[in-house]
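So the structure is just underneath, and the comments pick up after that.
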Amino acid sequence: MKEQRKRMLDKSILKHAIKDSFMKLNPMIMMKNPVMFVVEIGTLVVLLMLLFPGYFGTGNEMGFNLAVFIILLFTLLFANFAEALAEGRGKAQAASLKKSKQDTQANKLVGDELQVVSSTELRKGDIVMVSQGEMIPSDGEVIEGLASVDESAITGESAPVIKESGGDFCSVTGGTRVVSDRIKVRITTEPGETFIDKMISLVEGAQRQKTPNEIALNTLLISLTIIFLIVVVTLAPIARHFNINLPVPVLISLLVCLIPTTIGGLLSAIGIAGMDRVTQFNVLAMSGKAVEASGDINTMILDKTGTITFGNRMASEFVPVGGVEKAELVKWAAMSSMKDETPEGRSVLELMRKQEYTLDESLAAGGAFIEFKAETRMSGLDLADGRKVRKGAVDSVRQWIVSQNGSVPADLEEKANQVASEGGTPLAVALDDQIYGIIYLKDTVKPGMKERFDQLREMGIRTIMCTGDNPLTAATIAREAGVDDFVAESKPEDKIAVIRREQEQGKLVAMTGDGTNDAPALAQADVGLAMNSGTVAAKEAANMVDLDSDPSKIIEVVAIGKQLLMTRGALTTFSIANDVAKYFAIIPAMFMLAIPQMGALNVMGLGSPLSAILSALVFNAVIIPLLIPLAMKGVKYKPMSSDRLLGRNLLIYGLGGMVVPFVGIKAIDLLVHLWI
Ligand SMILES: Nc1ncnc2c1ncn2[C@@H]1O[C@H](COP(=O)(O)OP(=O)(O)OP(=O)(O)O)[C@@H](O)[C@H]1O
Ligand SMILES: [K+]
Ligand SMILES: [Mg+2]
C-alpha cells in the first residue's frame, strides 16, 4: 500500500478524475454543494437562451451568451475535478486493498474437529486454527500460541510482527499472513465489518461525513450565496425602473462572480486531501472530525508499556528477599505463572528454564487459576491444598499480604526500588502470608521519544504518561522518554479521570494506548489513537489507528489537522477577497453597458463592458484549478502561536486575494479584447 501512496497522481487517477468531473454534473450530486448548484442552474438558463433564442426577446448577444455558457460549464467541471482528484488516490488504494480481501479458506474448530469453511462464513465467536503460510481469515484475538505474522498487506511494513495470546499483542487482522508457527484465534468481527472493510470504506471516502467545522463554513457560504442571489435578482427591476436593461446572462455572470465559488469549489477537496495526508502517514482516521480536533489538541495522555516502551516486558532476573533461597522464589514465581498466558507470565517460565530450574507441575493439579487483571494488578493460582500463590505489582502484593496479617520483609522496598529506578517493573511473588522476592521485568523505551516529545512541547502540547506501574518505574521512564508529567498506579478509571479533569479545564485531549484497559480512556478522549499492535477493544474505542504503532505519530496528525483548518481558512479568505476585485470589474461594466457616459467608473481601464464581464468570469473559473495544488497539499505549517499564524494568513491570503484578481482580470481582458 505504501507503494501505491508514492505514485501520487498517476495517469489513471487523472483519467478517472476527468471522467468523474462530468459524472458529477448530475444535479442530484451537485445539489450537495449549494454554491456550485446555483452556478449549475445559471449555466442551464444560459444554455436554454442559446437553444431557444426566440423566447428571450431581442437584444440577445449570441456570441457573448455562448462564451458565458462555456466559461460557466468549465467553472463547474473545474470544481468537480478538484473533488474527483482528491478522491482519486483513496479510490486507487481501496482497489488494492480489495485485492488483499480475497475470499480465503479457514480451518474452523467445531467441537474437537477442524472444518474447512469459507472466510465469509465466519461469525463473531468462531474459533479457527491458522498455521504457517496461511492467511488469517478474519479479525480476531489469539487465544492460544504465538506466531509471527506478515502484516504488510495493511501496514506496508515487511518485517513480520509477533502475535501472542494474553497481553496487548493478541489482536490479528484478516488478510494478513502467518509466516511461522500456529495460533488459535477467536474471531471478533462479523463479516463485512472487518478492519480491512473499514479501511476500504475509509480510503474510498464512502462514509465521509462533513465535520462540524465544514458544516459551519458551508452555512456561511450558503448565506452569502442567498444574499447575493437576492441582490442580483432585485437589481434587474431596479435597473429597469431607470430604463436600464440588464441582460439575463450578464446578471448570471455577476451572480457567479459574487458568490464564493472558489472556496465552494475547493471545500470538499480540502477535507478529503487532509484525510488522505493522514492515511499517507499510515494513520487511519475514522472521521475527519478527529483529524480536525487533533489540530487543536492541548494535552496528550500516553500509556507506558507498549506505547512509550516496546512493551515486551520480559522477566530478566529473580531477586529473593527476606533471606529466602532463590530456588524457593523461582518455584513460586513459576507456579504463579503456570497458567498466566500474558507475555509477562510466559517470560517468567522461560527465565526459569533458562536458569535451569525445573518445576514440579503436579503441585498445580486441581488448582484454580487467578487471571491477571488491571484492577487487581496480580495473577496467580489457588492450589488444591488451600495455599494461594500470587505475583503482581509490589504495592498490590504488599496490601494482599497485610490483609492476611502477614509481614513484609525489610529489604523488599529497597530491592524493588532498585529495579524501578532502572526503569524496570518489579513484580513481587508471595505464597500465603510470605513474600519470597521480586521478578525483574525489563522493558525498553522506543528510540527517538525524547526528541518527539520536545517537538510536541514546541507545538504547545503537554504530555502526561498514565501507567499502571509503580511511581518509581514511572518516574524513571518518564524522565528517560521526556514526558512533561506522569500518573502512576493508575487503573482504567483513573486514566479516564485524568482526561476528564483536563477536558473540564476546556482542553482538548488526545490519548494513545494499546491495551484493553486503555479502551475507555481512548473513547473518552477527543482524539483516541490506538496502536495497531494493540487489542481489538483499544482499536475499536479509538477514532484513529496507527498502523506503525508509533505513538509520536500524533505529531504529524496534529500538524495535518492544523494545516487542514488553516488551508480552509486561507482559501475562504482568498475567495471572499477575490469577490471584491470582481465587483470592481463587473459593476461599472454593467452600468457602462446601459449608460456609456459612465466610463469614469471603469477604474480598471478594461477594454469593453462585455470583455470586462467575460474576463472576470474567466478569472473566476481558472482560479479554481490554479488553487487545486494548494488545496491538496495544504498551506505551509510551521509550529508557531495561532495568533501569529492567523495574522500572517490574513495578510497573505486576504491582501493577495484582493490584488491577484485585479492583475489577473486585467491580463485576461487584454487577451479577450484582442478578439472581441
Ligand atoms: N501478568 C501479570 N501478572 C501479575 N502482575 C502483572 C502482570 N502484568 C502486569 N502486572 C502488574 O500490573 C501492573 C499494571 O499492568 P498493566 O499492563 O495493566 O499496566 P497499564 O495500566 O497498561 O500501564 P502501562 O501499559 O502504561 O504500563 C504492572 O505494572 C505490573 O506491576
Ligand atoms: K465567485
Ligand atoms: Mg498497557
Side-chain angles (χ1 to χ4, degrees), residues 35-36 38-39 75 79 166-168 221 224-225 228 253-265 301-309 311 313 315 333 336-337 339-348 370-380 389-397 416 419-420 424-430 438-439 441 443 465-471 473-474 477-478 486-495 512-519 521 531 534-535 538 551 574-583 586 616-617 619-621 623-624 657 661:
V35 180
M36 297 316 287
V38 168
V39 178
T75 313
D168 291 345
L221 298 184
L224 282 174
T225 306
F228 285 121
S253 305
L254 174 68
L255 176 65
V256 170
C257 282
L258 291 185
I259 63 177
T261 47
T262 314
I263 183 67
I301 317 276
L302 309 102
D303 86 325
K304 173 176 75 73
T305 315
T307 301
I308 292 179
T309 66
R313 282 193 289 214
S336 73
S337 305
K339 300 218 167 119
D340 182 5
E341 273 288 319
T342 66
E344 289 86 351
R346 271 199 303 268
S347 75
V348 171
I370 309 294
E371 199 185 341
F372 168 72
K373 285 205 178 72
E375 284 75 22
T376 58
R377 289 200 205 110
M378 291 191 297
S379 58
V389 195
R390 292 292 183 274
K391 71 166 184 300
V394 175
D395 189 53
S396 307
V397 173
V419 170
T425 298
L427 290 188
V429 178
I438 284 167
I439 306 169
L441 295 179
D443 201 357
M465 180 181 92
C466 275
T467 173
D469 225 325
N470 70 83
T473 307
I477 298 287
F486 69 87
V487 182
E489 287 173 344
S490 61
K491 299 194 175 132
E493 59 269 26
D494 300 325
K495 295 193 185 191
T512 62
D514 67 337
T516 301
N517 61 341
D518 299 319
M531 304 294 102
T535 61
F574 188 85
S575 179
I576 291 173
N578 255 231
D579 293 343
V580 177
K582 282 175 224 153
Y583 182 87
I586 290 203
L617 210 52
F619 179 85
N620 189 60
I623 195 70
I624 297 177

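All ligand and atom numbering here is 1-based and tracks the order in the structure. Small disclaimer: the values here were computed from a predicted structure and weren't measured.
The heavy atom nearest to atom 11 (C) of ligand 1, out of those in Asn517, Asp168, Leu427, is found in Leu427. Nearest residue to atom 4 (C) of ligand 1 from Ser379, Pro426, Ala488, Pro492 is Ser379 (criterion: closest heavy atom).
Listed here is the closest heavy atom pair of Met36 and Ala79: CE-CB, 3.6 Å. Of all the heavy atoms in Cys257 and Leu617, the pair that sits closest is SG-CD1, 3.7 Å. In terms of heavy atoms, Ala538 sits closest to Gly515 at CB-O, 3.6 Å. Across all their heavy atoms, Val35 and Gly264 have their closest contact at CB-CA, 4.5 Å.
Looking at Asn620, its side chain never comes within 3.5 Å of a backbone N or O of Ala616 through a donor-acceptor pair. A side-chain donor-acceptor contact under 3.5 Å links Ser490 to the backbone of Thr467. In this structure a side-chain-to-backbone donor-acceptor pair under 3.5 Å is missing from Arg390 to Ser379.
Checking Val256 against the K ion (ligand 2), an N/O/S atom falls under the 3.4 Å cut-off. Put simply, Ser575 stays out of reach of the K ion (ligand 2), with no N, O or S atom under 3.4 Å from it. Between the K ion (ligand 2) and Ile259 there is an N/O/S contact shorter than 3.4 Å. Taking 3.4 Å as the threshold, Asn620 counts as a candidate ligand of the K ion (ligand 2), since one of its N, O or S atoms lies below it.
Every atom of ligand 1 is numbered from 1 in the order shown, and the set under 4.0 Å from a heavy atom of Thr305 is 24 (P), 25 (O), 26 (O), 27 (O). Atoms of ligand 1 found under 4.0 Å from any heavy atom of Ala393 (numbered from 1 in listed order, with element): 31 (O). Residue contact check: Lys304 has heavy atoms under 4.0 Å from atoms 24 (P), 26 (O), 27 (O) of ligand 1. In summary, the atoms of ligand 1 found under 4.0 Å from a heavy atom of Asp340, numbered by their order in the structure, are 1 (N), 2 (C), 3 (N). Remark: ligand 1 atoms within the under-4.0 Å shell around heavy atoms of Gly392 are 4 (C), 5 (N).
Checking only distances, Thr425 never comes within under 3.5 Å of ligand 1, N or O to N or O. Considering backbone and side-chain atoms alike, Gly468 places an N or O below 3.5 Å from some N or O of ligand 1. Between Glu344 and ligand 1, no pair of N/O atoms sits closer than 3.5 Å. At a 3.5 angstrom cut-off on N or O pairs, Asn470 does not count as close to ligand 1.
Classification of Lys491 and Glu375 as a salt-bridged pair fails, no side-chain N sitting under 4.0 Å from a carboxylate O.
When heavy-atom distances to ligand 1 are checked against a 4.0 Å cut-off, Arg313 comes that close only through its side chain, counted from C-beta outward. Heavy atoms of Thr473 found under 4.0 angstrom from ligand 1: none, in either backbone or side chain. With a 4.0 Å cut-off on non-hydrogen atoms, Asp469 touches ligand 1 through its backbone as well as its side chain.
Using a 4.5 Å cut-off on side-chain heavy atoms (C-beta onward), Leu427 and Ile438 make no contact. Side chains of Leu255 and Val38 form a contact here, defined as non-hydrogen atoms less than 4.5 Å apart.
In this structure, Lys495 has a heavy atom closer than 4.0 Å to ligand 1. Cys466 counts as a contact of ligand 1, since one of its heavy atoms falls under 4.0 Å from the ligand.
Listed by chain and residue number, Glu164, Glu341 satisfy the salt bridge (Lys or Arg N to Asp or Glu O under 4.0 Å) test with Arg346 (two or more places apart in sequence, or in another chain). For Ile576, the side chain to side chain contact (heavy atoms under 4.5 Å, CB included) criterion is met by Leu224, Thr572, not counting sequence neighbours.
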